[in-house]
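What follows is one structure encoded as structure tokens, with my remarks underneath.
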Protein chains: 2
Amino acid sequence: MEPLNPASQTDRLAAILERLKAKGLRLTPQRLAIVKAVLAHPGHPTVEQIHREILNDYPTTSLATVYKTVALLKAEGEILELGFGEQGSRYDGLRPRPHPHMICSRCGEILDLELDDLDDIVARFAASTGYAVDSHRFDVFGVCPRCRESG
Amino acid sequence: MEPLNPASQTDRLAAILERLKAKGLRLTPQRLAIVKAVLAHPGHPTVEQIHREILNDYPTTSLATVYKTVALLKAEGEILELGFGEQGSRYDGLRPRPHPHMICSRCGEILDLELDDLDDIVARFAASTGYAVDSHRFDVFGVCPRCRESG
DNA sequence: ATAAATGCAAAGACTTTGCAGGTAC
DNA sequence: GTACCTGCAAAGTCTTTGCATTTAT
């Protein structure tokens, strides 16, 4: 996985805002803050986490707005819903292209994995089933080394 | 995917009951009915569906018991929690070994997919991360041919 | 100006839990 | 007989929705 330098994130932020504006969507301060928070988050935040981070800058933002905005961003293809987790769905705004994850079922840590063949595999599935494929999800569950030691 | 003949399902039912008994768990009529229903179900039933099917034979079985039993069977490794779906988690009692799924986001249809390399891929992930892997989940989302025509 | 977005609170869907009574062993 | 299981209802989470108010354009 290529390193994510700040410059590319700034570009991506601008590009996202551009696309939203082009579709006639309004760039409210809340939306701006949410997009920024998702992009800046190194991991795979829940809606709760996004909300908490935003409250620093925009203390009046409601959880409902975060839910609505996250759903919007997902519908627009700007972020990825990972969809697992005991405390709600997790989102990934860094790499909207799906990629495999390794998830610790003890502490919840999530690592990004690399699988070059993935697109080919999915394309083969699409061909054999006749489905028009939109996305996919590949998650591996286990116990991370740290939890194994302390467990 | 090899065809599932009735004989192998009967064997599997007996084997599951055997293992549960060996662990000192009680074989109540409700549990028996739930295991049977999960094994007999050709698809990937939700807890609601399992409950509805059981009500024919054991009309007093509560939803809570189905939840508890399904959690038990999952913990014992006898069934697989697929974990997606708008109306609750889905379960697979036919092949507790994880396998990829193709899911229609329009009508909810779920196909089982075949990927021979999957165990190797997961083993490689385990090796590179140091995780002790328990299970995995590989779901592909799209629109099935039927929905595409009528859409 | 006005159509769209926010925030609040209430409702919804799925799941878990506590406990009294029942039951497999 | 006893530890375990069931069923009920209540509570818990996460998420969505309706509507009056605010706001980006």
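Note that the structure is a prediction, hence the values are computed from the model and not measured. To find a chain, count down the sequence lines: A is the first, B the second, and so on, and within it residues start at 1. The analysis underlying the following values was restricted to heavy atoms, covering all of them including side chains, and did not include hydrogens, waters or symmetry mates.
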Answer yes or no: does a side-chain N or O of [X] lie under 4.0 Å from OP1 or OP2 of [N]?
X: B:Gln30; N: C:dA24; answer: no
X: A:Thr60; N: C:dG7; answer: yes
X: B:Tyr67; N: C:dT15; answer: yes

What is the distance from [atom1] of [X] to [atom2] of [N], rounded to the nearest Å?
X: B:Arg26; N: C:dA24; atom1: CZ; atom2: P; result: 9 Å
X: B:Lys23; N: C:dC25; atom1: NZ; atom2: P; result: 17 Å
X: B:Arg90; N: C:dT15; atom1: CZ; atom2: C1'; result: 16 Å
X: A:Lys21; N: C:dA5; atom1: NZ; atom2: P; result: 15 Å
X: B:Leu27; N: C:dG22; atom1: CG; atom2: C1'; result: 17 Å
X: B:Leu32; N: C:dT23; atom1: CG; atom2: C1'; result: 15 Å
X: B:His51; N: C:dC14; atom1: NE2; atom2: P; result: 14 Å
X: B:Lys68; N: C:dT17; atom1: NZ; atom2: C1'; result: 7 Å

Matching residue for B:Ile16 among B:Leu32, B:Asp11, B:Val35 - test: side-chain contact (heavy atoms from CB on, under 4.5 Å) | B:Val35

Side-chain heavy atoms under 4.5 angstrom apart, residues restricted to Ile, Leu, Val, Met, Phe, Trp, Tyr: same cluster for A:Val70 and A:Leu55?
-> no

Of the nucleotides C:dC25, C:dG7, D:dT6, which has the atom closest to the A:Thr65 side chain?
-> C:dG7

Among the nucleotides C:dG7, D:dG7, D:dC5, which one has an atom lying closest to any side-chain atom of B:Leu25?
-> D:dC5

Just call it for A:Thr46: base, sugar-phosphate, or nothing, with non-hydrogen atoms closer than 4.0 Å on any strand.
-> nothing

So which one's nearest nucleotide on DNA chain C is more toward 5', A:Thr28 or B:Leu63?
-> A:Thr28

For B:Ala64 and for B:Gly24, locate the closest nucleotide of DNA chain D by heavy-atom distance; then report the residue assigned to the nucleotide nearer the 5' terminus.
-> B:Gly24

Sorted by position of nearest nucleotide on DNA chain D, 5' first, the leading residue of B:Arg31 and A:Val47 is B:Arg31

Distance-only donor-acceptor check, side chains B:Gln30 and B:Thr61, under 3.5 Å | no

A:His44 backbone acceptor or donor facing A:Arg90 side chain under 3.5 Å = yes

Nearest atoms (heavy-atom pairs only) where A:Arg19 meets A:Arg12 = NH2-NH1, 3.9 Å

